[in-house]
Amino acid sequence: MAELTYRDAVAAGIAQEMERDERVVLLGEDIGAAGGVFKATVGLFERFGPRRVRDTPISEQAIIGAAMGAAMTGLRPIAEIMFSDFFGVCWDMIANEIAKTRYMTNGQVALPLVIRTANGAGSRFGAQHSQSVENWAMAVPGLKVVAPSSPADVKGLIAAAVRDPDPVIVFEHKSLYSVKGEVPDGEALDALGAAKVLRTGKDCTIAALALMVPRAMEAAERLQAEHGIECEVIDVRSLVPLDTRTIMGSVVKTARLFTVEENPRLCGWGAEVASLVAEECFWDLDAPIVRITTPHVPLPAADSLEDATIPSVERIVDTVQRAMG
Amino acid sequence: MAELTYRDAVAAGIAQEMERDERVVLLGEDIGAAGGVFKATVGLFERFGPRRVRDTPISEQAIIGAAMGAAMTGLRPIAEIMFSDFFGVCWDMIANEIAKTRYMTNGQVALPLVIRTANGAGSRFGAQHSQSVENWAMAVPGLKVVAPSSPADVKGLIAAAVRDPDPVIVFEHKSLYSVKGEVPDGEALDALGAAKVLRTGKDCTIAALALMVPRAMEAAERLQAEHGIECEVIDVRSLVPLDTRTIMGSVVKTARLFTVEENPRLCGWGAEVASLVAEECFWDLDAPIVRITTPHVPLPAADSLEDATIPSVERIVDTVQRAMG
Amino acid sequence: MTTLEQARPLSAADDDIGREKRLRMYRMLLELRLCEKRAYDLFLQNLVKGTSHLSLGQEAVAAGFALGMRRDDYTFCTYRGHAHTLARGAAMAGVLGELMGRACGVTAGKGGSMHLTSVEHGAMGSYAIIGAHLPVACGAAWSAQYRGTDQVTVCFFGDGTTNIGAFHEALNFAVVWKLPVVFVCENNLYMEYTPIGTVTAVAHPAADRASAYGLDPVIVDGNDADAVFRVAAKAFERARAGEGPALIEAKTYRHSGHSRADPAKYRPQGELEQWLQRDPVNLYRERLVTLGYPELDLRSIEQDTARRVDEATQSAKASPTPALDLIHKDVWANGGSAWRN
Amino acid sequence: MTTLEQARPLSAADDDIGREKRLRMYRMLLELRLCEKRAYDLFLQNLVKGTSHLSLGQEAVAAGFALGMRRDDYTFCTYRGHAHTLARGAAMAGVLGELMGRACGVTAGKGGSMHLTSVEHGAMGSYAIIGAHLPVACGAAWSAQYRGTDQVTVCFFGDGTTNIGAFHEALNFAVVWKLPVVFVCENNLYMEYTPIGTVTAVAHPAADRASAYGLDPVIVDGNDADAVFRVAAKAFERARAGEGPALIEAKTYRHSGHSRADPAKYRPQGELEQWLQRDPVNLYRERLVTLGYPELDLRSIEQDTARRVDEATQSAKASPTPALDLIHKDVWANGGSAWRN
Ligand SMILES: Cc1ncc(C[n+]2csc(CCOP(=O)(O)OP(=O)(O)O)c2C)c(N)n1
Ligand SMILES: Cc1ncc(C[n+]2csc(CCOP(=O)(O)OP(=O)(O)O)c2C)c(N)n1
Ligand SMILES: [Mg+2]
Ligand SMILES: [Mg+2]
């Protein structure tokens, strides 16, 4: 076991796959010699050279398009979109081209590619560099979507994404890059579509994603310590495929569900989870499902405002405690 | 009362507003002399001239950007994006710029503009020209979103959208353009944020949008006639603002809710409605909320396949009848 | 500044192309022409579902390029892609069947007329959102470069497409990475119903932009299949030699409307007639005659092609509609569409 | 082909600009310089929240253009927009306060350093997603044209921005609609950490693209405020006269890293030093001295500006953090954020 930061685990996951498979190539802005603006690709350029690790112009459509064209002709590209907000400038390539091409060609075209991107708030970057847009991707049929919350997960899920025969969007979280965690030695290979129960509890289920996972965990500690409420915490990890079994299995046990979403309220991933659980676990629920989300507003930049906008440990504790009280 | 097609009602709504307000201008591809590819702007070029009705290059970012720049400096532009699928190529302008600018500037910049677009399936155009992406827009804070289902509504809601001080996306439905309906004489002016109860019933509530509204109405007829089930049918009309009062008022009465969505399943507008109702009407519901949606797949092109993919009258009847049975 | 590749003087000695290729070219031109005409007939019979965008009048571009391509080269084209897909060797029944929403269609009805694809023939897809395939073509070219094959990627698009952002990004990207990709602008004078000149800052939408990417401006007579073939061959040679991309503007004209819904009333009187006099299929036939190819040989090609189009039509008409379970197939590589467990 | 606007010979008779404007220019250059330096100091004191992108070294572009603008003209700029926003007249405390996340910030902390805006001064916003504001600038120019004012819109962006699609769409659009908009590329040689030449197909990212839009290529020494002013004046005149847009490439250099996170280690040794010798503020001071402006006058401007920057700093530091209810304000024109009834 080595202790790695989340950002180093990203690089480690990519390196592992590049080592293993010559078809894996990397492209994006400033990812090469500079090691990426979040330093998540440090060392790869030196190790694998400019043929496999390629800096690009500021041309997100070209980046994603190139990844798509390369994937359909035998490579396994990993494209970086520096901030997930920039999905806006290449959304056609992601949502209309990559997501639909296998289907439209009746399976003739395969697109084994990965799009990595820095998602989420916490850096005081303002409304155009802090969004959580995992729900944008989840809403588009044809994309697989993961959002790891720990160094070990990010390494294993990147490996799984690279080996997957379908396009996978990996949402890395900006505010997790500097977080450290144990990462098992040896080959990392996780599975897409598997949620993880991080903490068991009998009173209620909290489903969270990415940065919201450590917050939910801390909230669960406090709910236990201060209010005697035993929360089961699920790291959803993968939005598509969605591990409804794990989530519903927990709800059947606890009869209560809270979701903690960083995406703004309307049509967030929690809405989908809530609609599924409300339908299929209707008779199991003892009380309404409560969604804890970023309010439906763009994100403010100032530190004080930003901190008060996305779900905090306090807000989770308060909401759960009030609902359970 | 005149009988107009939905497409003519679009043009009538725009003409009414252009007549009233010199600041209203129109831009888009082939909207001028050609009258639009769906013939929804026929006659406007002739009536208001090339200064106010402007053809553009194939440059959706420029179209939306120009609308934005014009709106912040005193005009009230109406931009057409020919197919809503093409939001992909200008999504940054819509989701990142237009939606966030008032907020980011602390209210300094106002953006009274309208984006009209042809949404939805039924024309056998395939996966990139048939999408229902109203949930993409609903998911972004800062956008108002309407999707009218009748000629009268489209005229009145376009007028309301033009007069609204905020950016409004109007999703017109391709398969409704040729539908005829009564449109009241005189000035049309509807209100954003108001759903409509189109049919009252005591057994269950069906909430539908756009093309799904006439289908829900027909299904309600048949459910009544063939199964004696009395459905209340709500035309949601406006996703943002969302008229939760009308929807929840109905659910409180019927204790049952079905949503009929044309957008693909995951994170559709119905998920949001379901999560709201499941939370706030938890104790009123007699049975699970059921979402009837397009399955989470891209849309196939062939007529036989397309018809079997989006929700049909039959599927609504069957689903409701089975759930209520 | 722009180079107009002129048709060479016609004489029997003009054999830089050669008999075998010329006859293949003529056969291809005819096949594209007759197949498009058939598509139109089928539309009139209400058998074409959805839209369709014919290449009638533009066949020499598709044929001239395809004839110069290697089997393993890649073609990327647009919704106006029937001709390009056929030119790479896709079955006529597959193309017509797709337009009709039949099981025999090249994508079994899932893609439709705007997404014809036949990967086994190097037809890597028809793209319906303007500009999107230019970056994708860069990716295929990058892959060929990376794998060290000397495959060329050819990417076709219209004049109107030169005004969208993706065009710019792809061109710059291709040059910076020195990719073996040939961009071909089929300038048919119209962006849908709008004359291209009214929405474009320069006279030659592609050629006048070449220098913005450090490329040579190249304009070719897109109704002269030989001229197209020669320009293509030159660009392919350079690309295979690692000398990077090319941008070629082919001047041509579509005989019918933009799509099936369009009667093309916006065209000035006489314009169509003028272009019909330079019909690429007739032009080619006349040239072959001038070059001394026996009438009989040409007739036999014509009859054979007509017969094959008829057979393809019959076979497409006889094909059933696709099985409904296709709706839930092939979202994912495992063949299915499951998004949950 | 490119016109390099040269600094004119220096003599007291060189008064095409004139005393009043020259002193305003010097004051403005100083204000931008000292304010940026102060921003850096505040960052070192951990008082700047989020990121920030300084214009140190590029001040002559902002000053030269702003000096030529009318009060009602529009400026659109990028995240590297402190200088442009100040140059239009926004309060220094408003800019510094915004960087610090304080209530006195120009957007009360809601926008942050990358979204400085002061509509009352014609500073229509700083845009943080590359390329987005070029189309928006077209819209403002269209509005001015429509309303029949002769306002000019000026849109600043970097060299790296010329490779994104929106650049292309906006330029073509502006020319086709003959809009009164002046596009200004501040070529500081780098796109973040990457030398612009390695990702661009041409040597002059903007000027070499001008002909793709039928525009004249214009290159100006972006460290010479007078040269910038002259080029700007010419472009404004044409735009106000209805002669359409211009594209100007200003060669310059940023003295610090791309953003606060960047130590700028990728720069070749000696490069910074060379550019420091052409520091735009020093250059301008030397010119004024050569032109015979009294030392005392310059000193008094310097002292006054330093004092004003100090005062602004104090006032920003004294400003509280924004009220938390701002989070829910101004999503909509009614002041609120309600999405349901
Ligand atoms: C992004 C986008 N905008 C608009 C359209 C609608 N559209 C389809 S074809 C077309 C005109 C294309 O003109 P051109 O590039 O000249 O090709 P041609 O049809 O003449 O072959 C337009 C505007 C589209 N498909 N995609
Ligand atoms: C669409 C998009 N892609 C990438 C970025 C990240 N980014 C911010 S600044 C920058 C470099 C811009 O370079 P240039 O245009 O030369 O401007 P400069 O910073 O040098 O002023 C990049 C890549 C972004 N903000 N938006
Ligand atoms: Mg054309
Ligand atoms: Mg730069």
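The chains referred to below are lettered A, B, ... by the order of the sequence lines, with proteins before strands, and numbering in each begins at 1. From a predicted model like this one, the values you see are computed outputs, not experimental measurements. All heavy atoms count here, side chains included; hydrogens, waters and symmetry mates do not.
- Listed here is the closest heavy atom pair of B/Arg54 and D/Gln145: NH1-OE1, 3.6 Å.
- For chain B, the option among D/Gly111, D/Ala140, D/Gly165, D/Ala128 with the highest count of heavy-atom pairs below 4.5 Å is D/Ala140.
- Residue D/Trp339 comes nearest to B/Val240 through the heavy atom pair CB-CG1, 4.3 Å, listed as atom of the first residue, atom of the second, then distance.
- At a 4.5 Å heavy-atom cutoff, the contact between B/Glu22 and chain D is made by backbone and side-chain atoms alike.
- Ranked by non-hydrogen atom pairs under 4.5 Å with chain D, the options B/Leu239, B/Val25, B/Thr246 are led by B/Val25.
- A pairwise comparison of heavy atoms in D/Val119 and B/Val109 identifies CG2-CG2, 3.7 Å as the closest pair.
- For the set B/Pro167, B/Gly142, B/Gly193, the entry with the most heavy-atom pairs within less than 4.5 Å of chain D is B/Gly142.
- A side-chain donor from one of D/Ser143 and B/Thr73 sits under 3.5 Å from a side-chain acceptor of the other.
- Residue B/Leu192 does not touch chain D at all, counting heavy-atom pairs closer than 4.5 Å.
- Contact record, D/Thr117 with B/Gln108: O-NE2, 3.1 Å, taken as the closest heavy-atom pair.
- Comparing D/Ala338, D/Ala141, D/Ala132 by how many heavy-atom pairs each has under 4.5 Å with chain B, the most go to D/Ala132.
- Residue D/Ala137: no heavy atom, backbone or side chain, is found under 4.5 Å from chain B.
- Using a 4.5 Å heavy-atom cutoff, the side chains of B/Met93 and D/Val136 are in contact.
- Residue-environment remark: CZ (D/Arg71) stays at or below the threshold of 12 foreign heavy atoms within 6.0 Å.
- There is no contact between D/Ile130 and chain B, counting heavy-atom distances below 4.5 Å.
- Open room surrounds CD on D/Glu237; 12 or fewer heavy atoms of other groups in view lie less than 6.0 Å from it.
- There is a side-chain donor-acceptor pair under 3.5 Å between D/Tyr146 and B/Arg52.
- The candidate from D/Ser118, D/Gly131, D/Gly125 with the greatest count of non-hydrogen atom pairs under 4.5 Å with chain B is D/Ser118.
- Nearest heavy atom pair, residue B/Asp166 against residue D/Trp332, reads OD2-CB, 3.3 Å.
- Put simply, of B/Ile64, B/Asp243, B/Thr244, B/Thr105, the one with the most heavy-atom pairs under 4.5 Å next to chain D is B/Thr244.
- With respect to D/Arg340 and B/Glu280, a salt bridge is recorded, a charged nitrogen being found less than 4.0 Å from a carboxylate O.
- Taking every heavy atom of both residues into account, B/Pro57 and D/Asn172 meet most closely at CG-ND2, 3.7 Å.
- Interatomic distance, NE2 of D/His133 versus OG1 of B/Thr101, reported as 12.5 Å (0.5 Å rounding).
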Please evaluate residues D/Lys329 and B/Asn106 with respect to the criterion side chain to side chain contact (heavy atoms under 4.5 Å, CB included), reporting the C-alpha separation (whole Å), side-chain torsions for both, the decisive distance (0.1 Å), and the verdict. CA-CA 8 Å; D/Lys329 282 193 172 157; B/Asn106 198 27; 5.9 Å; no

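- Side-chain contact between B/Tyr103 and D/Ile327 is present, with heavy atoms from C-beta onward closer than 4.5 Å.
- Rounding to the nearest 0.5 angstrom, the gap separating the CE atom in B/Met104 from the OG atom in D/Ser126 is 9.5 Å.
- For the set B/Glu97, B/Lys100, B/Arg245, the entry with the most heavy-atom pairs within less than 4.5 Å of chain D is B/Arg245.
- Contact annotation for B/Leu27: only side-chain heavy atoms (C-beta onward) come within less than 4.5 Å of a heavy atom of chain D.
- Of the two parts of D/Leu326, the backbone and the side chain both hold a non-hydrogen atom closer than 4.5 Å to a non-hydrogen atom of chain B.
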